Protein chains: 2
Amino acid sequence: MKYSNATNYALHTMVYLIHLPQGNTVGVQELAKIQKLSPTYLSKILTKLTKAGLIESTPGVKGGYKISRFQNEVTFYDVIKAIEGDTNLFDCSIHHEGCLIEETMRQAEENMKKELQAKLLIDIVKKAEAERSVETNQ
Amino acid sequence: MKYSNATNYALHTMVYLIHLPQGNTVGVQELAKIQKLSPTYLSKILTKLTKAGLIESTPGVKGGYKISRFQNEVTFYDVIKAIEGDTNLFDCSIHHEGCLIEETMRQAEENMKKELQAKLLIDIVKKAEAERSVETNQ
DNA sequence: GATATTAAAGACTCTCGTTATCTATAATAT
DNA sequence: ATATTATAGATAACGAGAGTCTTTAATATC
Ligand code: SF4
Ligand code: SF4
């Protein structure tokens, strides 16, 4: 479970797309401007999200990106996996039989993974909205 | 909590040093040969372990490295920290107030860290010895 | 069907951290 | 004094990540 900047951009974009009114699409030009990235670079990241089925893309006039139908089930880990692939932080290529170092490291990494598989993107979006509404009522 | 090959070499060395008879020392030449590394490269790793107080070094004839007095308390995380420093996998430099992405990622990483702070090196050494003795008795 | 718009794909460069080597210096036992 | 061993610094080789440019494919609108 590596973790690079690209994943962070992906998370930001996902959160942004979840906020979009149902059915609306937004192009890579605008998304790139928001995050101050070059459109072509962000485009590669978005393509990975598309291939993973997390977002949908339509080329052409009035095209762009929108969140896929399954937005309520998307976890943090889904996004990370879409960008980084299914890798391990600990990567010993030798694999001695019954190696306890490897077992320990994998176990620890698994704990992190479990946590990220349990966290839905929609949860933090709702939580942020709730906090904003409290502020407004004060 | 980064994790590079150097940390893996450090873990191997620590385990090896724990196995040494009390009071014995071993030089970097031999340690490097075992792991098939260049001595100078491994030397830098060992120096970090020394500065972290996990092992002790004595230069000169009959010198070398040995495990420090506190071997029974050394955790996996201690070794990782000695080599990689105290870093975070998730490293957004912006830190927007109350950012839930950052909070979620940090929380997950913390889970991994906790696990590695709970695992003692001595535990896997003993476990490996126990398994070997079972095999021998069969 | 022609045109404008937008995503996808490929080749390529730049940068940076890790890995690794070489050399010189400091410390210690004999 | 001498041999041995760790430490430190400079620096080169390498690969992964970050980022750009250009070309191609798909789609709506007219
Ligand atoms: S002991 Fe474990 S971590 Fe070390 S080389 Fe063997 S498999 Fe890899
Ligand atoms: S929203 Fe969170 S992760 Fe994104 S830039 Fe701000 S602080 Fe960083």
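Hydrogens, waters and symmetry mates are skipped; everything else that's a heavy atom, side chains included, is used. All values reported here derive from a predicted model rather than from experimental measurement. Below, chain A is the first sequence line, B the second, and so on; all start at residue 1.
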Visitor: For B:Ser4, check side-chain hydrogen bond (donor to acceptor under 3.5 Å, both in side chains) against everything at least two apart and list the hits.
Guide: B:Glu84
Visitor: Using the side chain to side chain contact (heavy atoms under 4.5 Å, CB included) rule, pick out the option among A:Leu120, A:Ile18, A:Val79 that qualifies with A:Val74.
Guide: A:Val79
Visitor: To the nearest 0.5 Å, what is the distance between CG (A:Asp78) and CG (A:Leu49)?
Guide: 10.5 Å
Visitor: Which of the following nucleotides, C:dG17, D:dA18, C:dA8, is nearest to the side chain of A:Ala6?
Guide: D:dA18
Visitor: Can you check whether A:Tyr65 has a side-chain N or O nearer than 4.0 Å to OP1 or OP2 of C:dA8?
Guide: yes
Visitor: Given side chains that start at C-beta, do those of B:Tyr77 and B:Asp86 come closer than 4.5 Å, heavy atoms only?
Guide: yes
Visitor: What's the CG-C1' distance between B:Asn5 and C:dT19, to the nearest Å?
Guide: 8 Å
Visitor: Residues of residues 8-25 of chain B with any non-hydrogen atom less than 4.0 angstrom from an atom of DNA chain D: list those, numerically ordered, please.
Guide: none
Visitor: Verify whether one side chain among B:Asn88 and A:Tyr3 offers a donor that lies under 3.5 Å from an acceptor in the other.
Guide: no
Visitor: Please report the interatomic distance CG(A:Leu116) to CE(B:Met105), rounded to the nearest 0.5 Å.
Guide: 5.0 Å
Visitor: How would you list all residue pairs meeting salt bridge (Lys or Arg N to Asp or Glu O under 4.0 Å) that involve residues 29-40 of chain A, not counting sequence neighbours?
Guide: none
Visitor: How long is the straight-line distance from CD1 of A:Ile101 back to NE2 of B:His12, given to the nearest 0.5 Å?
Guide: 4.5 Å
Visitor: Take atom NZ of A:Lys2 and atom P of D:dA16, then tell me their distance rounded to the nearest Å.
Guide: 8 Å
Visitor: Rounded to whole Å, please give me the gap between CG in B:Asp91 and P in C:dG17.
Guide: 11 Å
Visitor: Considering only heavy atoms, which members of residues 33-46 of chain A lie under 4.0 Å from some atom of DNA chain D?
Guide: A:Ser38, A:Thr40, A:Tyr41, A:Lys44
Visitor: State which residues pass salt bridge (charged side-chain N to carboxylate O under 4.0 Å, His left out) with A:Glu103; sequence neighbours excluded, sorted by chain then number.
Guide: B:Lys127
Visitor: Provide, to the nearest angstrom, the distance between the CD1 atom belonging to A:Ile80 and the P atom belonging to D:dG17.
Guide: 14 Å
Visitor: Could you check if a side-chain atom of B:Glu110 sits within less than 4.5 angstrom of a side-chain atom of A:Glu115, using non-hydrogen atoms only?
Guide: no
Visitor: Round to a whole Å and report the spacing from OH of B:Tyr3 to P of D:dA16.
Guide: 18 Å
Visitor: Name every residue in residues 48-61 of chain A that has at least one heavy atom under 4.0 Å from any atom of DNA chain C, in order of residue number, or write none if there are no such residues.
Guide: A:Thr50, A:Lys51, A:Ser57, A:Thr58, A:Pro59, A:Gly60, A:Val61
Visitor: Do A:Ile124 and B:Thr104 have side-chain heavy atoms sitting under 4.5 Å apart?
Guide: yes
Visitor: Between C:dT28 atom P and B:Lys66 atom NZ, what is the distance in whole Å?
Guide: 12 Å
Visitor: Identify, between A:Gln29 and B:Glu84, the residue whose nearest nucleotide on DNA chain C lies closer to the 5' end.
Guide: A:Gln29
